[in-house]
Amino acid sequence: MRPGIHPSYQPIVFRDKSADFAFLTRSTLTSSETIEWEDGNTYPVYDVEVSSASHPFWTGQGKILDTAGRVEKFERRYGKRTR
């Protein structure tokens, strides 16, 4: 890699406040907020709205959509198009 053209790549904590979940990883994101992590070190923290702890797909609370029924409903409402 050429020096001086890449953003800094440092440890950062991503925190999902809605699920009370956080994880430490590395990223080019920066933040002015910091948090003391389990290892005793202080890292920048970035708040996210959705993570694997709160997303319906990962928590098993997602709804399964009947795509065939949705297509039929669309065709009933708007009619089949003919060319």
Side-chain angles (χ1 to χ4, degrees):
M1 292 190 334
R2 287 189 5 205
I5 64 168
H6 300 285
S8 66
Y9 188 66
Q10 71 275 347
I12 188 168
V13 174
F14 286 93
R15 177 175 56 189
D16 183 355
K17 287 186 174 182
S18 65
D20 195 28
F21 177 71
F23 60 95
L24 177 66
T25 187
R26 295 177 56 90
S27 177
T28 58
L29 286 174
T30 58
S31 175
S32 59
E33 292 184 58
T34 59
I35 189 172
E36 186 172 332
W37 192 242
E38 300 160 354
D39 61 3
N41 293 328
T42 303
Y43 298 105
V45 63
Y46 187 81
D47 292 325
V48 294
E49 293 180 21
V50 178
S51 70
S52 61
S54 63
H55 193 279
F57 178 80
W58 298 107
T59 60
Q61 298 173 353
K63 297 179 182 176
I64 298 174
L65 298 176
D66 177 18
T67 55
R70 292 179 70 193
V71 169
E72 291 166 1
K73 182 179 176 183
F74 178 84
E75 288 175 351
R76 278 195 314 266
R77 181 178 288 169
Y78 299 106
K80 263 190 163 177
R81 291 194 116 157
T82 58
R83 291 181 181 223

- request: Might you confirm whether atom CZ of Arg26 has over 12 heavy atoms from other residues, nucleotides or ligands at distances under 6.0 Å?
  value: yes

query: Looking at side-chain heavy atoms only, is the closest gap between Asp47 and Glu33 below 4.5 Å?
result: yes

message: Taking Leu29 as the starting point, is it possible to reach Phe23 by hopping between hydrophobic residues whose side chains are less than 4.5 Å apart?
response: yes

task: Would you confirm whether Ser31, through its side chain, and Val45, through its main-chain N or O, come within 3.5 Å as a donor-acceptor pair?
output: yes

field: 4.5 Å side-chain heavy-atom contact, Gln10 and Thr30
entry: yes

task: Please work out which of the three classes, parallel, tilted or perpendicular, describes the rings of Phe14 and Tyr46, given edges at 30° and 60°.
output: perpendicular

task: For a side-chain contact (heavy atoms from CB on, under 4.5 Å) with Trp37, tell me which candidate from Asp39, Asn41, Thr34 qualifies.
output: Asp39

query: Can you tell me if CG on Asp20 sees more than 12 non-hydrogen neighbours from other groups inside 6.0 Å?
result: no

message: When you group the ILVMFWY residues by side-chain heavy-atom contacts below 4.5 Å and let the links chain together, are Val13 and Phe21 in the same group?
response: no

query: In Å and rounded to the nearest 0.5 Å, what is the CD to OH distance from Glu38 to Tyr43?
result: 10.5 Å

